[in-house]
Amino acid sequence: MTLLPLAFSAPLALIGLALLPVIYYLLRITPPRPRQIPFPPLKLILDIEPKDETPARTPWWLLALRLIIAGLIVLAMAGPIWNPQHGGASGKEPLLVLLDDGWPAAPTWEQRLKVALAQIEDAARQGAPTAVIAASEGAREAVLSDASHTAQKLRALKPVPYVPDRISLVAPIEHFFTEHPRGHLTWIADGLASGSARPFAEKLAELAKSGEVEIVNGEHSPLALAGAANEASALNVNVLRATTDGPLQGKVRALDLKGVPSAMRHSISAAQPKRKRVSICRSNCATTLHGWRLPANALPAPSRCLMSAGNGGASASSAAPPPMSRSRCSRPPIICNARCSRSRMCARRGRVSPIQSARSSAIT
Amino acid sequence: MVTARVLTRSEAATAPRHQEGALDLARRLPSLVASAKELAASVMHGVHGRRRAGTGENFWQFRPFTFGEAAQRIDWRRSARDDRLYVREREWEAAHTIFLWTDLSPSMAFLSSMARHSKADRALVLGLASADLLVRGGERVGMLGMTRAIAARNIVERLAEALLIAERQMPQAGHPDFPADEPLPQRTQVILISDFLVAPDELSARLKRIASNGARGHLVMIADPVEETFPFEGHTEFLDVDSGALFRAGRAEAYRNDYVARLAQHRERVRSAAREAGFSFALHRTDAPPATALLALRGRLEANVELGAVA
C-alpha cells in the first residue's frame, strides 16, 4: 500500500475479495423472500394460471449494501493496520530499539519514548520479540523479551547529562545481527555527531547487511550554549545548533550566585546561522541584583558548529521519521562544552562579582 | 406497504368492546335518522298496525253487534247515541321477529393495515347495534340458531352472552361459515352479516331454503379494503385463511386485474342469489364508518317490514 498508510497483518485474506463477483451473481439471481399475507378471498384466484413468474429483482441499493458489507468483512479479516510504524510486512523478526539518551535527547525525551513504544507495540502485534538498549548502557548484551518487559525497561530509562560514546554499542549490535540476520534495528538518534555518530552509523550499515535499520531523528536539532565569556559589561555566550532548522525560539536563562534566575526570551530566526552570540549584560541601574537583560545586538561570527548525524548512509528504511516536537526537559540544565567552562568558573570563584560565576543554561 | 394479518382467537372473541361499540352506534343513530328526511317519518319501528281488526291498543272501527257475541264487547257509549248496538274494534297489532346471524369464521378475523377494525368486529358491532335499534322499536330479535326472539331492553348484553356461550361450546371446530338453514317461519326476517366468500350456488340454495316458508332477509357483505383493491406488489405468498392453501405469486400486481374481475363476478352472483331468494343485498367496507351501513340496513328493514305488512 503506497497510496494509503495501510498495512495488512494477514494479506492472504484479501483473496476473499475475489469472491465478491460470485456474491453479486448469487444475490442478483436470488429473489427476495416472499412476503406471506393471509388473504381470505384467495379461492377466487386460486385457479388462475400462473402468469409472470419472474420474481422481482433484488433492489440495487440492497445489492450494493450487501456487497459493501461483504467487502468490509474481507478487509477486516485481513487485519488492517493504519499508519504502521514498523516497515510493513516484517514477519516475526526480532526488533532492537537503540535509544540515544544523551543530553541532546532530553528536550524531546517523551516524544522519543512514544516513538519507541509504538515500534515495540507494532512488533509485538506481529509476535516478534523486542529489546531496547540505551546508548549510555555501553557494551551490555541486548536481551530479547516480550513487549511488556521491553516497555517496562524503556520507561525506566532517563536521559544522562552527557553524550555517551556509541562505539561501545557495536559489540551487542553485532551479536544481535549474527543471531538474527534478518532482524530489525531502530535507532532513535539525537541528531548530533558527538558521541562518534558517524563511525557508528558506518558500522551499522556494515553490520546490517540483510537486516533492516531504521533511523528516527528529531524534528529540530537541540540548542546548546558554548563559549561563555564573562566580561566587564556583560556575560557573552554562544547559542549553537546543529542545523539551521533548529527551534526558532528559545529562552536563555542566567542565574546569579544565589541561584536566582532572571530570564528573557530571545528569538532565533531560521535565516540566521547556526551560532549566535547572546550578550547578557548587567542593567544600567545597579540597584537591583536581578537586572539582567538581553540586548538585540547579536554577533554572527560562526567559528564552530556541531555536525549533523543521523541521515547518514545507514538508513535502509523508507519510512519517514515521525515529527517530534520540542518539550521541556525535566533534568537539570546541561552545559555544553562542560569541562572548559567549569574550570574557568572554578578559577574565578569567590574573587570577583557574582556575574563572573554566573551559570548559564539553555532550555529550549 | 400494505400488511394484513389474521387475528388470534382471543382477539377475535366476542368482548365487551363489541357491546359498547354496538350500544354506542345504536344510540347515535336516532339523531342520524332524524336528519335523514326519508326516514324521519317513522324513526321508531313501533308497533306495526295490521290494518285490520284484532288485538291491539288503537281504535280501528265500530261494527254492528251480531247476535251471540259476548255482551261485554258492546261499546255502550256509542250504542246509546243510536238504537243499534255497536262493538268497538281495535286494530290488530303484532311485533315482528327478526333473527340475526353474524359470520365469525376465521376468514372474518382479518384485518389489514388499510382498515381500523377487523371484519368480524364490524359484523358484530353492526349486528348488535341493529338488534338494539329493533328492540327499541318494539320488535323481537334473536340470534339465529342460538336464542329465541326476545324483546328485552338489554338485548345487546343478552345476545353477546349467547355468542360467548356458543363460542365456548365449539372451541375446536370454530364458527361455521354459514348458519343452520332450517326454514324460518313466515313474516320473520333474518339479517345475515358475513363476507360471503362461499360458493354462490351453495349460498343460493341455502337462502332459498331459509326463505321457503316466506321469511325474508337481508345480506350485509363485509369487505376489507385490501380485498377490494388488491394492493399487493412483488414476490408474495398468499395464504388462504379457511383452507390453508398457499398461492405464490412471483409478481402479485400481475394478478390484480384478474382478481378484481373475479371479485366483481362473485359479488354479482351473490347479489343474484339474494335477489332470487327475495333477500336484499348491501356491501360494507370496513374503512367506511359503521353508521352508514346501519342506516342503510335500517332503511331496508323498514321497507321490508312495510312490504310484509301489505302482504
Side-chain angles (χ1 to χ4, degrees), chain A residues 10 12-80, chain B residues 1-7 103 105-113 118-120 177 195-199 222-224 226-228 230-267:
Chain A
L12 281 183
L14 291 178
I15 295 171
L17 286 176
L19 286 177
L20 285 184
V22 181
I23 295 173
Y24 172 81
Y25 180 69
L26 286 178
L27 287 176
R28 190 80 185 145
I29 61 168
T30 313
R33 210 170 142 268
R35 287 197 300 149
Q36 210 177 42
I37 288 181
F39 197 59
L42 183 63
K43 48 178 84 97
L44 295 179
I45 52 168
L46 266 182
D47 55 333
I48 291 183
E49 289 288 313
K51 19 183 70 178
D52 187 9
E53 277 305 310
T54 317
R57 288 284 179 83
T58 312
W60 68 267
W61 52 267
L62 191 62
L63 200 63
L65 189 70
R66 286 174 174 171
L67 284 178
I68 289 171
I69 290 171
L72 287 180
I73 288 173
V74 169
L75 282 182
M77 284 171 73
Chain B
M1 182 73 75
V2 177
T3 57
R5 66 191 183 97
V6 172
L7 304 182
D103 185 359
S105 64
S107 74
M108 289 291 282
F110 175 75
L111 174 65
S112 77
S113 58
S118 72
K119 294 195 290 181
D177 58 358
D195 51 6
F196 294 113
L197 294 172
V198 290
I222 306 274
D224 197 276
V226 162
E227 294 175 347
E228 287 210 325
F230 202 75
F232 305 111
E233 282 176 359
H235 198 191
T236 315
E237 202 172 56
F238 294 106
L239 178 73
D240 192 17
V241 180
D242 286 326
S243 66
L246 274 179
F247 182 78
R248 182 172 292 197
R251 299 165 61 82
E253 58 266 35
Y255 292 87
R256 186 175 298 147
N257 291 337
D258 277 333
Y259 171 77
V260 170
R262 292 277 179 108
L263 184 69
Q265 195 184 345
H266 175 77
R267 280 192 184 155

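Residue numbers begin at 1 in each chain, while the letters A, B, ... track the order of the sequences. As the structure is a prediction and not an experimental result, all values here were calculated from the model.
In this structure, the separation between CD1 on A:Ile37 and OG1 on B:Thr3 is 7.5 Å, given to the nearest 0.5 Å.
When all heavy atoms of A:Pro41 and B:Tyr259 are compared, the closest pair comes out as CG-OH, 3.3 Å. Of all the heavy atoms in B:Leu246 and A:Gln36, the pair that sits closest is CD2-NE2, 3.8 Å. Taking both residues in full, the closest heavy atoms of A:Leu42 and B:Ala245 are given as CD2-O, 3.9 Å, listed atom of the first, atom of the second, then distance.
Residues A:Pro34 and B:Thr236 have side chains not in contact (no heavy-atom distance under 4.5 Å, counting atoms from C-beta outward). Within the 4.5 Å cutoff, the side chain of A:Pro40 has no heavy atoms near those of the B:Met108 side chain.
The residue from B:Asp240, B:Asp224, B:Val226 that alone fulfils the side chain to side chain contact (heavy atoms under 4.5 Å, CB included) condition with A:Phe39 is B:Val226.
The residue among B:Glu237, B:Glu227, B:Arg5 with the most heavy atom pairs within less than 4.5 Å of chain A is B:Glu237.
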**Report entry** Worked check of side chain to side chain contact (heavy atoms under 4.5 Å, CB included) between B:Leu263 and A:Leu44
**Finding:** CA-CA 7 Å; B:Leu263 184 69; A:Leu44 295 179; 3.6 Å; yes

Requested in this report: Test side chain to side chain contact (heavy atoms under 4.5 Å, CB included) on A:Asp47 and B:Arg262 and set out the steps.
Outcome: CA-CA 11 Å; A:Asp47 55 333; B:Arg262 292 277 179 108; 2.7 Å; yes

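With a 4.5 angstrom heavy-atom cutoff, B:Phe238 touches chain A via backbone and side-chain atoms both. For B:Gln265, no part sits under 4.5 Å from any heavy atom of chain A, backbone or side chain.
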